[in-house]
Structures are given as C-alpha cells and as structure tokens.
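Read through the structure below, which is laid out as structure tokens, and then see the notes.
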There are 2 protein chains.
Amino acid sequence: MGTTRPETVPEPKYWHLRTVLSNALDSEFEVGEILPNERELAARFGVARATLRQALEQLELEGRLQRRRGVGTTVAPPRVGIEVEPARHGWPGAPGDAWQTEGCEESAPPAAVAGMLGADADRTVFTVHRVRVVHGQPVATELLYVPAASVPGMSAIETDAGAARGRAVLRELNRLEPGGQDRSVELGSARAEDAKRLDRLPGAPVLVVTTRYFAAGGTAAVAVSTYRADTCRLTFGDTGGVALMAS
Amino acid sequence: MGTTRPETVPEPKYWHLRTVLSNALDSEFEVGEILPNERELAARFGVARATLRQALEQLELEGRLQRRRGVGTTVAPPRVGIEVEPARHGWPGAPGDAWQTEGCEESAPPAAVAGMLGADADRTVFTVHRVRVVHGQPVATELLYVPAASVPGMSAIETDAGAARGRAVLRELNRLEPGGQDRSVELGSARAEDAKRLDRLPGAPVLVVTTRYFAAGGTAAVAVSTYRADTCRLTFGDTGGVALMAS
DNA sequence: AAGTGGTCTAGACCACTTG
DNA sequence: AAGTGGTCTAGACCACTTT
C-alpha cells in the first residue's frame, strides 16, 4: 500500500516518462504524426520542460522521434537498413557504389588516419569528399584518404578541387589490384560540417565507420564514413534492408 | 575588431567548451587522471553547471571521459577494439567463442525477433543470456534466441534455468550444419538490466548488434548483443584490436 | 560525514521555420 | 508575428562512493 511504488530505488522521472511515451508512440501515434509541443507535454505530465526533454532525447537517440527546430517533434519511421558491404571486395568508385563524389582536396590527414596509412602519410594525400543519399536524404558523409602513391596517374599540380577531380582519383584508385578490406564501427558526435550536410545539429550522434582498403603494397586508402545514428541501421551481409521487414 | 567573434551564428557555449576540454585532454592530462569536479570546472569556465555537463556528456559519448557517480570524472583510455566476427562462420558456443554463458530461460521472444525467426516464433524459444568480458570488465551482454526446433535434443521439461542449461542449448545448436550469418549495427540505449550488468546507468548509449544465424531450414537463431558504446569499437575483418595502434 | 556525479525545477532568451 | 525546439542559468535535492 505504498504511495505509488515502494521501490527501494525510485526510477528517475525522465526514464519513466520515456517508457510512457514509448508505449504511447506504439499505440496512439502514426509515423510522421506531430506530437504536442514540449511546453504542453511537460505541463501534461507535470514535469519541468528540461525533464521532458531528457525523455525526448532518449527516444530520439533510439530512432523513435525526430525533432526539428522551428517545426516540431514527429514520430520517426523505422530506421533504414544501410548496406555497408555493398560488395565484399568492391572499392570506392567501382560500379554500383552508393556514394556520390562531391569534392577533393590535398591536405595532411588526421593523425589517426596517418598512422593507418603508414610511412607515406607525411606526403600528399588526396581527400575525397563523398555523400551517401537514401530516399533523397543524405544519410552519411565520407572522407576518403588516398595517398598519392596509390594513384600514380594523378598529377599533383592540377589545382581543380571539384568533384571531377575526386572522380579522377577514384578512377585511378580502381586500377590497383584489390587486396581486401577491414572495418570498425564506433559511436561519435557529428562535427560542425558533417552536421550541416546531414541536416543535424553539431554533436548529433553518428556511427563512424573506418574502412581500410588494402592492396599489394599495403594500405591503399582509408575511408572515414559518418552515418546518422538516429535514422540508420548498418547492415553487414547479404540481407540488405529486409532484415526486420517481418516485424 | 568585434567584441569576441563577429560570427553570424555564434557557436553554442557547450560546444565551444567541448572543444576546449578536448584539446586540454590531449595536451594536459594522462589516461586515468581525475578531472576537477563539475562545480569547480563550471566556475572556472564561468558557465552554469548544466552547461558544463552538456560538454562533458559529449566527451563521454565520444569515449574521451568516464564519469562515475560518487567518484568523479576520469580521462578514458582509447576504445577497445572488439572483434565481432571472431570466425566468419563460427557459431555461438563454438571453440574460441568470446562469450560466457550465464543463464537460460524459455519465453516468448520480442516481436522483432519473432519476425526474424519465422513461423516457429510462437512456440518455445530458449533465451540464452551471455556476457562478453574484456580486461576483466563486461563490455557486452547478449540475448540469444534459439527456437526449440533448432535444438531437437533439448527436452523442454527440465526446469533448470542456470548456465549449464544454456551451455546445453549451445551444444545442441552446434550440431546443425552452419549456413552463414548476417548482422546489423545500430545505436540504442541500455535497458535497466543491461545497464546494471555493464556498470552503466539506464539509457547509456549502446551499440546493438543483431545477428541472424542461418541453417538449412532457415533462421536457426538470432542474437541481440548490446555493447557499451563509450568503451567499444566494433571491428569487422582480420585486424582485431590493432587497427589504430600506430596512431 | 564529506564529496562526487545524477536528477529536477522554473524561468529566461535565442535560432529557426512557417503563415 | 507566432510558434517551435535549442541553449543557458542558479539553485535545490538525491544517490552513490569513499573516508
């Protein structure tokens, strides 16, 4: 006969709210529907707006909600399955590649990338900017680091920094004999420029996929791909986007 | 000659703080070192504690910091590389498996899992609880759903719910002819029980890996693995934990 | 008992989108 | 101009760990 629940350690309000809202989303809302605004929701549940926001943040992290400043909070569709291994031994720029080349520059790579590229790291590295679009929305950005040694056909003198130059780098890269790949996936937060391209705010959670492309001589290229964590489910294997269709 | 920076859109304080702290971590702190407490840091930077906490949350999300209630905020070691594909065609419980079996129960699987298991979903499903330990710390928990049809040798009558029963299920599962796997990775937030096992608070960010194990007849089992997103970097391929060693 | 991070409040103002 | 979510404040209290 406790007041509400004689729990030894009471559940935080925001966590309980998250559960209540999650259930409400399942039963009372349609995908794309707009929720009441934060001030009204907070009043309705009898909590401060900050507490209500804590619950909404959780649900957004889980891909259940989508919030846009000036617009409102809507019920998010299920996450999109994104194939990260389009062809186990396909290289960037190969036929069927899901990425669009947007630009190219020459610069020194970040320390972590330089370490993976090995001794050539100090020299010129082409950085190809790419973006991956699904259903008309950009879901990922990528920086592809290609040492000059991997693309001997590229003359470093040209100053054109556009997409055409990036495509030329990829074309040269595909002349190499592919030697396999490996990947890692970790959580990150979107840098300012990535956030802008992905239509998110700085600090938004992202899944960072680091891919190493091997050729005979060693590491031919390194790609750092940044996927929106709220809308993407990365898939590995031959199922593509149908993995959860039956649910 | 602007006041501070005549930027059209000023950077949020917490984001700027994140950058400042991040640089300080690189240059002035050692791994494991304890930072000043939040109230002091907030005072030192001239912001409210909530704002300071927003910056710390970002850095924790990125795996740079580790915060523990009652203890303090410490500088986190680099993320651990966790091999998610120990052997491309190895199954749970096979020799060399990195997981420890902790228990087993029989229950109806969640709807999403039931959909992946197909028509047998309504019947009895063994749910094996497992945990993955690295350097003495649990980094992931797993629920492995095995339909009774996949382990005909198991009699559903035994009521023993311990680890021994779980190991028996895995033993039976390995009698099947392995038919491949596929995986997906997405961001989630730790449920209460997972959070407790992983020594985190509810809602902590986690990487959820869903694996389907195929056999001749269809889907033989489904595993839902929950990795600590703050400390883990999931690796796919043959490099293991050495991917970023040189950086 | 003291000190830490975690939760919560009530309010203010800002940036952005839309009518 | 109105309405939305995003940022920020100053304070309070709580849960947890350590001394």
Side-chain angles (χ1 to χ4, degrees), chain A residues 7-19 21 33-61 64-76 189-190 192 195-196 199-205 230, chain B residues 4-5 7-19 21 33-61 64-76 189-190 192 195-196 199-205 230:
Chain A
E7 221 170 339
T8 53
V9 175
E11 202 174 33
K13 275 189 187 178
Y14 79 91
W15 187 253
H16 180 242
L17 246 176
R18 185 206 77 108
T19 307
L21 286 169
E33 201 172 340
I34 304 179
L35 267 61
N37 71 55
E38 296 182 348
R39 291 163 179 84
E40 184 178 329
L41 279 177
R44 187 177 302 183
F45 288 103
V47 299
R49 191 178 154 218
T51 304
L52 184 270
R53 277 180 62 82
Q54 229 177 324
L56 294 184
E57 269 151 31
Q58 286 285 339
L59 291 168
E60 193 178 25
L61 200 79
R64 305 288 310 274
L65 292 178
Q66 195 160 345
R67 299 193 287 172
R68 276 177 301 171
R69 169 153 52 175
V71 179
T73 301
T74 56
V75 181
S189 55
K196 188 169 291 181
D199 190 28
R200 300 263 67 198
L201 294 173
D230 55 343
Chain B
T4 49
R5 221 182 339 168
E7 219 172 341
T8 53
V9 176
E11 204 175 32
K13 274 189 189 179
Y14 79 91
W15 186 253
H16 180 243
L17 246 176
R18 184 207 77 107
T19 307
L21 287 169
E33 201 172 340
I34 303 179
L35 268 61
N37 71 55
E38 296 183 348
R39 290 163 180 84
E40 185 178 330
L41 279 177
R44 186 177 302 182
F45 288 103
V47 300
R49 190 177 157 220
T51 304
L52 184 271
R53 277 179 62 82
Q54 230 177 323
L56 295 183
E57 268 152 31
Q58 286 284 339
L59 291 168
E60 193 179 26
L61 200 77
R64 306 288 309 274
L65 293 178
Q66 195 160 347
R67 299 193 286 172
R68 275 177 301 170
R69 170 152 52 175
V71 179
T73 301
T74 57
V75 181
S189 56
K196 187 169 290 181
D199 191 28
R200 301 264 66 197
L201 293 172
D230 57 342

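Letters go in sequence order (proteins before strands), and every chain restarts at 1. Everything numeric in this text was worked out from a predicted model, so none of it was measured.
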5' precedence on DNA chain D between A:P36 and B:W15 (nearest-nucleotide basis) = A:P36
Candidates D:dT17, C:dG6, D:dT9 - which lies nearest the side chain of B:V47 = D:dT9
Would you say a side-chain N or O of A:T73 is under 4.0 Å from OP1 or OP2 of D:dG5?
-> yes
Looking only at side-chain atoms of B:Q54, point me to the closest of C:dG6, D:dC8, C:dT9.
-> D:dC8
When the distance from CD of B:E38 to P of D:dA12 is rounded to whole Å, what number comes out?
-> 17 Å
Between A:L52 and A:G70, which is nearer to the 5' end of DNA chain C once each is assigned its nearest nucleotide?
-> A:L52
The side chain of B:K13 lies closest to which of these nucleotides: D:dT9, C:dT7, C:dT9?
-> D:dT9
Check each of B:L21, B:L35, B:T74, B:D230 against B:L65 using the side-chain contact (heavy atoms from CB on, under 4.5 Å) test, and report the only one that passes.
-> B:L35
Is B:Y14 near enough to D:dT7 that one of its side-chain N or O atoms lies under 4.0 angstrom from OP1 or OP2?
-> yes
Whole-Å gap separating C1' (C:dG5) and CD (B:Q66) | 13 Å
Candidate nucleotides D:dT17, C:dG5, D:dT7, ranked by approach to the side chain of B:R53 - the nearest = C:dG5
Under the 3.5 Å rule, do the base of D:dG5 and the side chain of A:R39 count as making a donor-acceptor pair?
-> yes
Between A:T51 and C:dT9, does any side-chain N or O lie under 4.0 Å from OP1 or OP2?
-> yes
Select base, sugar-phosphate, or nothing to describe what A:L201 touches, counting heavy atoms under 4.0 Å on all strands.
-> sugar-phosphate
Side-chain N,O (A:N37) to OP1/OP2 (D:dT4) below 4.0 Å | yes
If you count the non-hydrogen atoms of other residues, nucleotides and ligands that lie under 6.0 Å from CZ in A:R49, is the total more than 12?
-> yes
Pick base, sugar-phosphate or nothing for B:R68, based on heavy-atom distances below 4.0 Å to the nucleic acid.
-> sugar-phosphate
Ignoring backbone atoms, test whether B:R67 places a side-chain nitrogen or oxygen under 4.0 Å from the OP1 or OP2 oxygen of C:dT4.
-> no
Of B:G72 and A:A50, the one whose nearest nucleotide on DNA chain C sits closer to the 5' end is B:G72
pair_partner(C:dA12), Watson-Crick or wobble, both distances < 3.5 Å, evaluates to D:dT7
